[in-house]
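Working notes, structure below.
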Amino acid sequence: PTPRPPVPHVLLPPRTRLALGLVLLLHGPLAGCAATERRSVERLEPARAELPAQARRVGLVAFAGPGGQELTQRVHSELGAQWQLEVVRVDPGGERPLTAQAGLLIAAEQGLDALLCGTVERLDVHAGEAPRAWLRVRYALVLPDGDLRPAPPLDLALDDDALAEDVERWRGLLLDRAARALAASLRDRWVPWEATWEHAGQRSQAAWERFVAGDPRASAELLEAALGEARADDAPPEALGALAYDLGLCRELLGALEAAEDAYARALTLNETELHREALRALRARLAELGRGAP
């Protein structure tokens with residue numbers, strides 16, 4: 001076959017190249033699309049029932065309900081392993097669950113920094129064609145000053161065909177996970193999280209640099225200022241929405257969940273995207289689980 005002649009290389013004048021670049025930027029595939037970037041970060045997970053920071057000696061009342069004794073043993077181990085607490089087993093006598101007044105008296109009499117008690121309300125394990133297991137625990141802390149700190153119910157479920165024939169293993173796994181989650185929930189803690197940042201060009205650059213440096217508090221302050229300036233400049237809704245979303249993201253990392261909800265809702269109002277919609281949905285689910293929002 002006859003070879004094709006080479007395509008001539010045409011060098012456009014600088015002004016033409018600049019104009020063409022602007023056309024592609026405004027009307028090409030990137031127009032109207034905000035760039036996003038994923039980062040591995042840590043976010044503050046608020047306590048469900050907060051144990052005072054100075055607490056070192058904690059009383060543990062055996063959990064009432066199905067599997068209560070087994071859960072109590074596991075929680076005892078987890079409290080020591082996770083928070084290096086001295087755990088004292090307490091037998092209050094009388095009826096269960098323990099009343100706040102009775103717990104107060106026990107904590108004061110035994111010199112405890114707090115008393116943990118609760119009830120396993122549900123522990124169901126079903127094998128067969130649709131194997132599934134559920135567990136619900138209610139628990140609370142009683143402090144010597146009379147402060148009662150109830151936690152939202154802790155709900156766990158397992159659904160795995162591989163465990164269909166091993167009912168005891170289902171039960172053990174549920175109780176193990178419940179003990180770890182319950183002990184962890186007594187104090188604020190930082191947990192790994194995959195965060196998605198939404199770029200808003202130069203308006204969010206300084207905040208992005210602080211975010212990457214691991215300083216979401218400074219990033220949030222810069223975003224609040226940038227959002228005010230963007231409103232004054234009558235910036236497009238895509239930029240305003242991205243700034244509001246990033247502000248919500250920083251607030252969520254810092255554990256200010258209600259403030260984060262406000263920012264995410266504002267982002268969704270300004271620019272209705274799937275990113276903004278999912279962020280607001282996921283945060284509201286977290287708030288509901290913590291007993292701080294509508295279920």
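Heavy atoms only: backbone and side chains are in, while hydrogens, waters and symmetry mates are out.
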Open item on the list: Quick check on the hydrophobic clustering: are W193 and L275 connected, directly or via other members, by side-chain heavy-atom contacts under 4.5 Å?
Closed with: yes

For [X], ring pair (Phe, Tyr, Trp, His ring centres under 6.0 Å) partners two or more places apart:
X    : answer
Y139 : none
W83  : none
W134 : H126

Evaluate the side-chain proximity of [Y] to [X]: yes if any heavy-atom separation is below 4.5 Å, no if none is.
X    : Y    : answer
R292 : P46  : yes
R56  : E86  : no
D124 : R122 : yes
L154 : S185 : no
D91  : R89  : no
L79  : L116 : yes
E261 : L280 : yes
L71  : L123 : no

Considering all heavy atoms, the nearest [X]-[Y] contact:
X    : Y    : answer
A114 : L143 : CB-CD2, 3.6 Å
C117 : F63  : C-CE2, 4.3 Å
G111 : R57  : O-NH1, 3.6 Å
T72  : A62  : OG1-CA, 3.4 Å
L249 : A195 : CD1-CB, 3.9 Å
N271 : G241 : CB-CA, 4.3 Å

Task: Donor + acceptor pair across side chains of Q73, Q69 (<3.5 Å) - done: no

Open item on the list: Can you confirm whether the side chains of T196 and E37 place a donor and an acceptor under 3.5 Å from each other?
Closed with: no

Open item on the list: According to side-chain hydrogen bond (donor to acceptor under 3.5 Å, both in side chains), does anything in residues 146-156 pair up with another residue at least two apart or in another chain? List the pairs.
Closed with: R136-D155, D147-R149

Check for a donor-acceptor pair, side chain of [X] on one end and backbone N or O of [Y] on the other, with a separation under 3.5 Å.
X    : Y    : result
D246 : W197 : no
R266 : A244 : no
Q82  : R180 : yes

- [ ] May I ask you to check whether over 12 heavy atoms, not counting those of D145, lie within 6.0 Å of atom CG?
- [x] yes

TODO: Please indicate whether E289 has more than 12 foreign heavy atoms, meaning atoms of other residues, nucleotides or ligands, lying under 6.0 Å from its CD.
DONE: no

TODO: Please collect all ring-ring contact (aromatic ring centres under 6.0 Å, His included) contacts where either partner lies in residues 242-270, sequence neighbours excluded, each pair once.
DONE: Y245-Y264, Y245-H276

TODO: For E272, check side chain to side chain contact (heavy atoms under 4.5 Å, CB included) against everything at least two apart and list the hits.
DONE: L268, R277

- [ ] Could you grab the distance from atom CD of E274 to atom CZ of R281, nearest 0.5 Å is fine?
- [x] 9.5 Å

- [ ] Please round to the nearest 0.5 Å and tell me the distance separating atom CG of L115 and atom CD of Q110.
- [x] 8.5 Å

Open item on the list: One thing to verify: whether D262 and R251 come together as a salt bridge, which I'm taking to mean a side-chain N less than 4.0 angstrom from a carboxylate O.
Closed with: no

TODO: Using salt bridge (charged side-chain N to carboxylate O under 4.0 Å, His left out) as the criterion, point out the one residue from R189, R187, R286 that pairs with E45.
DONE: R286

